[in-house]
Amino acid sequence: MQDLIRTGDAAFVGTAHTAAGLPLVCGPYRVPFLLNLPGAGEHVFGELYAVSSRALARMDDLEGTRKGHYERLPISVVVVDGEGQKEVEAEAYYAHRSYAGVMWRRCGELGYKVYSEKEAKGYVRRKDRPHDITFLDQIRIFIASPQT
C-alpha cells in the first residue's frame, strides 16, 4: 500500500471493521485469508483505502485473482472515526470459494479479529517461499495437512 500511496493511487480512508462476522484465518506461511462465510467468524478489524483503477489492477495481480488465489467481492464495513461510525460498501479480497470452506475447517473453525503482529509471527514473504510450486498447490498442501 505504501507504494500506491506514494504514487497517488491510494489514500487511507480510516479504520474499519466488517459489518458482519467473517472468518479471518492464517494459511500457509501465515498468509491471512478472509473467508466469505458470513456469520461464521468475528467482526474483522483493519484499514480501508480508496484506490485508483490502476491500483486495483495491481492489487488484483498481487492477490492472484486470475489464478484462483483470492477473489475481490463486495463487503459492508463500518468506518470508525472521531465523529462516530458509518457503514459503507467496499470491496475485499476473500480466499477463493473453491477452498474457503475447507480452509475454515482446517483451521478448526477458529479465526482472528485482526491480522496483527502476533498473528503474523512466522509470516514468510513471497520472495522467500518455494518457487517450484504454485501458491494454489501450497494452499492444497496446507489444507491437507493435519492441524497443529
Side-chain angles (χ1 to χ4, degrees), residues 1-52 55-56 58-65 67-130 135-148:
M1 288 307 297
Q2 299 302 333
D3 288 342
L4 297 174
I5 291 169
R6 264 192 301 281
T7 61
D9 288 303
F12 179 73
V13 173
T15 57
H17 64 81
T18 58
L22 291 168
L24 174 67
V25 298
C26 288
Y29 309 110
R30 299 299 293 169
V31 172
F33 291 86
L34 183 63
L35 308 177
N36 191 13
L37 302 170
E42 305 280 340
H43 293 277
V44 177
F45 291 79
E47 298 176 333
L48 181 64
Y49 291 85
V51 298
S52 70
L56 207 50
R58 285 180 60 196
M59 291 170 58
D60 282 351
D61 188 49
L62 175 71
E63 300 295 350
T65 58
K67 297 177 182 177
H69 301 168
Y70 292 88
E71 50 190 345
R72 181 168 40 93
L73 299 169
I75 188 170
S76 294
V77 297
V78 177
V79 179
V80 182
D81 61 24
E83 299 175 16
Q85 300 182 2
K86 180 181 178 185
E87 188 168 331
V88 299
E89 296 303 309
E91 291 181 318
Y93 289 96
Y94 292 93
H96 195 274
R97 68 190 76 194
S98 65
Y99 63 83
V102 179
M103 173 97 49
W104 180 230
R105 288 187 295 280
R106 162 59 177 78
C107 292
E109 297 186 358
L110 299 171
Y112 303 105
K113 291 183 178 185
V114 65
Y115 186 71
S116 69
E117 193 174 307
K118 177 184 172 191
E119 289 76 29
K121 186 174 183 176
Y123 174 80
V124 178
R125 292 173 174 254
R126 184 177 294 194
K127 67 180 181 67
D128 298 325
R129 298 177 201 155
F135 190 52
L136 268 182
D137 285 336
Q138 293 167 2
I139 291 168
R140 289 181 188 111
I141 290 168
F142 174 82
I143 289 170
S145 68
Q147 186 179 355
T148 56

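Taking CZ of R126 as the start and OH of Y29 as the end, the distance is 12.5 Å to the nearest 0.5 Å. Atom CD of E91 sits about 11.0 Å away from atom CG of L48, to the nearest 0.5 Å. We find the CE-CG distance between M59 and L4 to be 7.0 Å, quoted to the nearest 0.5 Å. Between the CD atom of E71 and the OG atom of S98 there is a distance of 8.0 Å, given to the nearest 0.5 Å. Note that the CE atom of M103 and the CD1 atom of I139 stand 5.5 Å from one another [nearest 0.5 Å].
In summary, R125 and D128 do not engage in a salt bridge, as defined by a charged side-chain N under 4.0 Å from a carboxylate O.
Heavy atoms only, all atoms of each residue included: C26 and C107 are closest at O-SG, 3.7 Å. Closest heavy-atom contact between L24 and V114: CD2-C, 3.8 Å. Residues V44 and L22 approach most closely at CG2-O, 3.3 Å, considering heavy atoms. Scanning all heavy atoms of the two residues, the minimum distance from W104 to G111 falls at CZ3-N, 3.8 Å. Between E87 and S76, the closest heavy-atom pair is OE2-CB, 3.5 Å.
A side-chain donor-acceptor contact under 3.5 Å links H43 to the backbone of T18. Side-chain N or O atoms of Y49 include none that pairs as donor or acceptor with a backbone N or O of I5 at under 3.5 Å.
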Worksheet item: Can you check salt bridge (Lys or Arg N to Asp or Glu O under 4.0 Å) on R58 and D61, steps first, answer last?
Response: CA-CA 5 Å; R58 285 180 60 196; D61 188 49; over 6 Å; no
Worksheet entry | Stepwise salt bridge (Lys or Arg N to Asp or Glu O under 4.0 Å) check, R6 with D3 | CA-CA 5 Å; R6 264 192 301 281; D3 288 342; 2.3 Å; yes
Item to complete: Verify ring-ring contact (aromatic ring centres under 6.0 Å, His included) between F33 and Y70, making sure each step is shown before the conclusion.
Response: CA-CA 8 Å; F33 291 86; Y70 292 88; 5.2 Å; yes
Item to complete: Please assess Y94 against I75 for the test side chain to side chain contact (heavy atoms under 4.5 Å, CB included), listing each intermediate value before the final yes or no.
Response: CA-CA 10 Å; Y94 292 93; I75 188 170; 3.5 Å; yes
Practice prompt. Kindly determine whether V80 and K86 satisfy side chain to side chain contact (heavy atoms under 4.5 Å, CB included), including the steps that lead there.
Written response: CA-CA 7 Å; V80 182; K86 180 181 178 185; over 6 Å; no
Fill in: Worked verdict on E119 versus R30 for salt bridge (Lys or Arg N to Asp or Glu O under 4.0 Å)
CA-CA 8 Å; E119 289 76 29; R30 299 299 293 169; over 6 Å; no
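The side-chain heavy atoms of T15 and V79, taken from C-beta on, include no pair separated by under 4.5 Å. Counting heavy atoms from C-beta outward, R72 and E63 have side chains that stay 4.5 Å or more apart. With a 4.5 Å cut-off on side-chain heavy atoms, V124 and V31 do not count as touching. The closest side-chain heavy-atom distance from V25 to L35 is below 4.5 Å. Side chains of Q2 and T7 form no contact here, defined as non-hydrogen atoms less than 4.5 Å apart. Contact annotation: the side chain of L136 never approaches that of K67 to less than 4.5 Å [non-hydrogen atoms, C-beta and beyond]. Between Y115 and Y123, the closest side-chain pair of non-hydrogen atoms falls below 4.5 Å. Side-chain atoms of V51 and D9, non-hydrogen and from C-beta on, never get closer than 4.5 Å to each other.
A cation-pi contact links R106 to F142, judged by a cut-off of 6.0 Å to the six-membered ring centre and 45° from its axis.
Side-chain polar atoms of D60 and Y93 form a donor-acceptor pair below 3.5 angstrom.
Under a cut-off of 6.0 angstrom, the local environment of CD in E89 is crowded, with over 12 non-hydrogen atoms contributed by other residues, nucleotides or ligands. Heavy atoms from other residues, nucleotides or ligands lying under 6.0 Å from CZ of R129 number more than 12.
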